[in-house]
Amino acid sequence: MGVAIRTAGEGDRELIVRLLDEAFQDDPVSGWVFPGAEDRRAKHPGLMAAFTDIVLAAGRIDVMEDGSACALWLSVPADEGHGDHGDPDGDAEDEGPAQVREAVDPDNERIEAIGRLTAAVHPTGRAHEYLWMIGVAPGRQGEGLGTALIEAVLDRCDREGLPAYLEASNARSRKLYERLGFEPASPALDLPDGPAMWPMWREPRPHRSV
């Protein structure tokens with residue numbers, strides 16, 4: 001790729017939030033959470049900020065050195081369920097989605113619903129890497145940046161024998177993940193009166209030293 005990947009820190013928060021907001025403004029799932037375009041422009045950044053804060057605290061965010069793309073990862077242990085978004089340890093699994101909703105837009109039930117629905121289908125019982133979100137700047141999409149970010153972690157998964165999991169939020173990203181070895185983990189998750197999401201799982205591949 002020619003662009004270095006590094007781990008984001010607190011000083012990158014605004015960059016990550018902006019990247020995610022721009023990348024997902026036109027995403028079908030974001031459009032379902034915030035159906036009105038004006039409302040989405042106003043409140044979507046707050047939801048991306050909540051997600052960024054969760055992963056900065058509990059996971060890892062990889063970012064291209066030039067700020068063109070980022071990926072949010074959580075490591076899920078074998079002996080714990082994913083819980084709900086906002087609570088990767090599952091200690092207060094009913095609280096995470098409600099807390100995010102309260103912080104972002106208390107009147108929007110869909111913010112809480114998306115967290116509960118995705119948590120309900122999240123696989124349990126095996127340690128895995130969870131790709132929560134990946135965002136590429138709109139003007140840089142199609143350059144392979146997302147693939148490079150994901151492959152960097154999948155290479156480690158293969159070395160360590162770890163599976164990986166994600167939910168594809170649109171057909172384009174689903175095809176990318178299929179090329180990277182992800183397969184359906186369960187039937188599509190149909191959001192109420194909304195688009196589908198596709199839970200996808202990738203078994204580690206045998207690692208061959210070069």
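Values in this document were obtained by computation on a predicted structure and should not be read as measured data.
Going from atom CD1 of Ile150 over to atom CG of Leu145 covers 11.0 Å, rounded to the nearest 0.5 Å. Note: Ile16 CD1 to Met48 CE = 12.5 Å, rounded to the nearest 0.5 Å.
Between Val29 and Phe24 the shortest side-chain heavy-atom distance does not fall below 4.5 Å. Annotation: side chain of Arg6 is not in contact with side chain of Met64 (no heavy-atom distance under 4.5 Å). Looking at heavy atoms from C-beta onward, Pro192 lies in side-chain contact with Leu117 at the 4.5 angstrom threshold. Annotation: side chain of Cys70 is in contact with side chain of Leu20 (closest heavy-atom distance under 4.5 Å). Contact annotation: the side chain of Gln141 approaches that of Arg172 to within less than 4.5 Å [non-hydrogen atoms, C-beta and beyond]. Side-chain contact between Trp73 and Ile61: absent, with no pair of heavy atoms (C-beta onward) separated by less than 4.5 Å. Using a 4.5 Å heavy-atom cutoff, the side chains of Trp198 and Ser169 are not in contact. The side-chain heavy atoms of Met200 and Glu183, taken from C-beta on, include no pair separated by under 4.5 Å.
Heavy atoms from other residues, nucleotides or ligands lying under 6.0 Å from CD of Glu160 number more than 12. For Asp39, the CG atom is densely surrounded, since the number of other residues' heavy atoms within 6.0 Å is greater than 12.
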Legend entry - Residues Glu129, Leu74; criterion side chain to side chain contact (heavy atoms under 4.5 Å, CB included); working and verdict: CA-CA 6 Å; Glu129 289 294 314; Leu74 291 171; over 6 Å; no
Inset, instruction - Would you please test Lys175 and Glu178 for salt bridge (charged side-chain N to carboxylate O under 4.0 Å, His left out) and show each step? - result: CA-CA 5 Å; Lys175 290 179 181 178; Glu178 287 174 345; over 6 Å; no
Inset, instruction - I would like to know whether Arg60 and Leu72 meet side chain to side chain contact (heavy atoms under 4.5 Å, CB included); could you show each step before the answer? - result: CA-CA 6 Å; Arg60 189 186 72 259; Leu72 282 63; over 6 Å; no
Legend entry - Steps toward side chain to side chain contact (heavy atoms under 4.5 Å, CB included) verdict (His44, Asp27): CA-CA 11 Å; His44 188 263; Asp27 184 81; over 6 Å; no
Inset, instruction - Begin with the C-alpha distance, continue with both residues' side-chain angles, and end with the deciding distance and a verdict on salt bridge (charged side-chain N to carboxylate O under 4.0 Å, His left out) for Asp107 and Arg101. - result: CA-CA 8 Å; Asp107 294 328; Arg101 172 184 173 182; 6.0 Å; no
Inset, instruction - Using the salt bridge (charged side-chain N to carboxylate O under 4.0 Å, His left out) rule, take Lys43 and Asp105 through it: C-alpha gap first, then chi angles, then the decisive distance, then the call. - result: CA-CA 7 Å; Lys43 296 174 181 175; Asp105 185 3; 3.3 Å; yes
Inset, instruction - Would you sort out whether Val100 and Ile54 count as a side chain to side chain contact (heavy atoms under 4.5 Å, CB included), showing the intermediate values? - result: CA-CA 10 Å; Val100 172; Ile54 289 167; 4.1 Å; yes
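With ring centers used as reference points, His122 lies under 6.0 Å from Tyr165. Remark: aromatic rings of Phe182 and Trp201 are distant, center separation not under 6.0 Å.
In terms of modelled atom types and a separation under 3.5 Å, the side chain of Arg40 and the main chain of Gln25 share a donor-acceptor contact. Arg110 places a side-chain N or O within donor-acceptor distance of the main-chain N or O of Trp32, the cut-off being under 3.5 Å. Judged purely by atom type and a 3.5 angstrom limit, Asp62 has no side-chain atom pairing as donor or acceptor with the backbone of Ile5. When atom types are taken as modelled, the side chain of Asp155 and the backbone of Ala152 share no donor-acceptor pair closer than 3.5 angstrom.
Counting all heavy atoms, side chain and backbone alike, Val17 lies closest to Ala49 at CG2-CA, 3.6 Å. The nearest pair of heavy atoms linking Val136 to Gly146 is CG2-N, 4.0 Å. For the pair Pro195 and Pro28, the tightest heavy-atom approach, listed with the atom from each and the gap, is CG-O, 3.6 Å. Closest non-hydrogen pair, His128 versus Pro123, comes out as CE1-O, 3.7 Å. Between Pro187 and Pro199 the shortest heavy-atom distance is O-CD, 3.8 Å. Here the closest heavy-atom approach between residue Asp190 and residue Ala196 is recorded as OD1-CB, 3.4 Å.
Using a 4.0 Å cut-off between charged side-chain N and carboxylate O, Glu203 and Arg126 make a salt bridge. Under a 4.0 Å N-O distance rule, the pair Glu10/Arg13 does not qualify as a salt bridge. Between Asp66 and Arg140 there is a salt bridge, since a side-chain N of the basic residue sits under 4.0 Å from a carboxylate O of the acidic one.
A search for side-chain contact (heavy atoms from CB on, under 4.5 Å) contacts involving Arg18 returns Leu15, Glu22, not counting sequence neighbours. Scanning for side-chain contact (heavy atoms from CB on, under 4.5 Å) contacts around Ser173 gives Ala168, Asn170, Tyr177, with sequence neighbours left out.
Under the 4.5 Å side-chain heavy-atom criterion for ILVMFWY residues, no single connected hydrophobic cluster contains both Leu166 and Leu162.
Side-chain N/O atoms of Thr118 and Glu167 include no donor and acceptor closer than 3.5 Å.
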